[in-house]
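Below you'll find the structure, written out as structure tokens, and then a few comments.
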Amino acid sequence: MPIEFESPKPIVQTQFVLKTVAEEMMRPKSRYFDEHEHEIPWDYMEFMHTASKALGAGSLTPKNEGGNGHEGAEQKEKRPPIGYQVLASQIEMLSWGDAGMYLITPGGGLGAAAVQAAGTPEQRAKFLARFAGEKPTVAAMCMTEAGAGSDTSAIRARAVLDEKTNEWVINGEKIFVTSGDKAFTNYEKLGKGFIVVWASIDPSAGRAGMRAFVVESGTPGVQVSKLEHKLGIRVSDTASISLVDARVPFENILGSPTVEKSTTGFKGAMATFDATRPLVAASGIGVARAALEFLKEKLAENGVQIRYGLPRQKLTSIERDVIDMEIMLKSAWLMTIKAVWMADNKKPNALESSMSKVKAGDVGTKITQKVVEILGPLGYSREFLAEKWFRDAKITDIYEGTGQINRLVVARQILGYSGSELR
Ligand SMILES: Cc1cc2nc3c(=O)[nH]c(=O)nc-3n(C[C@H](O)[C@H](O)[C@H](O)COP(=O)(O)OP(=O)(O)OC[C@H]3O[C@@H](n4cnc5c(N)ncnc54)[C@H](O)[C@@H]3O)c2cc1C
């Protein structure tokens, strides 16, 4: 099969539209929402919801069923699926605009990704339809707890079946939930969202006992107890959520309600991350590209052009730095595109998914730091967004598995070790 490096038409088209959104709606507000941490950019959220509905999409979720989801039924058979590739390109472009605002784009986020990965067809139909509803709607995923971030086997949240009422009773304290507030709190301007809470149905079974539960917005006993103040992506809320005897219907469990002697339940979470880690990578790449392009603009304004044709020893050190950063950026993007291509084609991509995130986490951090460094005081000043991109980029290397944890995943995949053999 020939390798094509041309982006498919749906990608080029959405890139064009989203670049305008990034330039007109995101960049001008970037500084304001960075400095007004918990304010909500309703204009952006409502615009993006209306726009994605007009395009026939419910949210930033892949349209993969039977085609690429961006064309008529008669064409569906002819083209390979590109849902995740479209999504990665959209996220890259929106994050080029503002990574924090991208995170609050209405839609299912990690919560919907968990339903998509671990839910039954009925659950997908029930819980995912709302993202195409009247109002912008948000979902979130609650896995991390104090003492259980990288080591998810330490999760203490507990779900017990009340056989009289056929409801799960969930208790636990979750922290660092992206969009947890918008997913759970009943804001008038938002549709009814949900959070996906990971809890154990059998602590003695370790990871095999882990299950995810859809907890609807407004469920009694559930409370957003704190909003984090953060280094970067400040417009995106990061919530602590406490659950005290929270009751959810039996059918809101994602996966089997009984514990088998396997880690099937936990594999649901990992399947979610295989799909979403390259998307985190795409976001980090968008931030890095913003910083690098800005640097090149500033250099050009000062008469510095990058002389690509010259041998390396004849280049200035700034020219070499810029070219090295462009190489880093392109290689991270190629890894990301490979990982989402595999997801689209239903090929196991745990290795490529983690690799792309490790690479983008490194590259995003290095490029934004170098840009601040080369710009000197202008890079450090709040007059420009370079310092903000430096702060925003770091999260790529932290959430959905830190750089270290994803390196472990890569090593396990290559060397054939299990999680318990290499930790
Ligand atoms: C802004 C933000 C948003 C987030 N959003 C979500 C969300 O929506 N849902 C959710 O569930 N969680 C979310 N998280 C949590 C995030 O996924 C965790 O913070 C992350 O997985 C790290 O876990 P931890 O905080 O417990 O750190 P720890 O696991 O305590 O790690 C601390 C350091 O030790 C390193 N480390 C740990 N174990 C190893 C090891 N075996 N080998 C080598 N190094 C190791 C880590 O890489 C890290 O550098 C978010 C976090 C942030 C900051």
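Whatever order the structure lists them in is the order used to number ligands and atoms, beginning at 1.
Residue-to-ligand polar distances keep Ile233 apart from ligand 1: every N/O pair is separated by 3.5 Å or more. Of the polar atoms of Thr178, at least one N or O is found under 3.5 Å from an N or O of ligand 1, judged by distance alone. Residue contacts with ligand 1: Tyr399 is placed with no nitrogen or oxygen under 3.5 Å of a nitrogen or oxygen of the ligand (distance criterion only). For the pair Thr238 and ligand 1, the shortest N or O to N or O distance does not fall below 3.5 Å. Ligand 1 has a nitrogen or oxygen under 3.5 angstrom from a nitrogen or oxygen of Met141. Between Lys230 and ligand 1, not a single N/O pair is under 3.5 Å apart. For the pair Arg423 and ligand 1, the shortest N or O to N or O distance does not fall below 3.5 Å.
The aromatic rings of Trp168 and Phe250 sit parallel, their planes meeting at an angle under 30°, below the 60° perpendicular limit.
In this structure, the protein non-hydrogen atom closest to atom 43 (C) of ligand 1 is Gln404 CB, 3.8 Å. Annotation: atom 16 (C) of ligand 1 to nearest protein heavy atom, Thr144 OG1, 3.9 Å. Of the protein's non-hydrogen atoms, the one nearest atom 13 (C) of ligand 1 is Phe176 O, 2.7 Å.
Tyr399 is not listed as a side-chain neighbour of Phe176, based on a closest heavy-atom distance of 4.5 Å or more. Looking at heavy atoms from C-beta onward, Thr276 lies in side-chain contact with Glu400 at the 4.5 angstrom threshold. Annotation: side chain of Leu110 is not in contact with side chain of Val196 (no heavy-atom distance under 4.5 Å). Side-chain contact between Lys135 and Tyr187 is absent, with no heavy atoms from C-beta onward closer than 4.5 Å. Side-chain contact check for Thr219 versus Glu216: some heavy-atom pair is nearer than 4.5 Å. Residues Trp333 and Arg289 have side chains not in contact (no heavy-atom distance under 4.5 Å, counting atoms from C-beta outward).
Close contacts of ligand 1 with Met143, meaning ligand atoms under 4.0 Å from a residue heavy atom, involve 10 (C), 11 (O). Residue Ile398 has at least one heavy-atom neighbour below 4.0 Å for each of these atoms of ligand 1: 20 (C). Residue-ligand proximity, Ser150 to ligand 1, at heavy-atom distances under 4.0 Å covers atoms 22 (C), 23 (O), 26 (O), 28 (P), 29 (O), 31 (O), 37 (C), 38 (N). Close contacts between ligand 1 and Glu400 involve ligand atoms 17 (O) [criterion: under 4.0 Å to a heavy atom].
With Ser236, Ala146, Gly149 as candidates, the residue nearest to atom 26 (O) of ligand 1 on a non-hydrogen basis is Gly149. The heavy atom nearest to atom 39 (C) of ligand 1, considering only Asp237, Ile405, Val196, Leu422, is found in Ile405. Considering only non-hydrogen atoms, atom 2 (C) of ligand 1 lies nearest to Ile395 out of Ile241, Leu103, Leu110, Ile395. Among Leu408, Asn406, Thr402, the residue whose heavy atom lies closest to atom 22 (C) of ligand 1 is Thr402.
With sequence neighbours left out, Asp321 forms a side-chain hydrogen bond (donor to acceptor under 3.5 Å, both in side chains) with no residue at all.
If you take CD1 on Ile337 and CD on Glu92, they are separated by 9.0 Å, rounding to the nearest 0.5 Å.
Partner of Glu163 under the side chain to side chain contact (heavy atoms under 4.5 Å, CB included) criterion, out of Thr165, Val160, Leu161: Leu161 alone.
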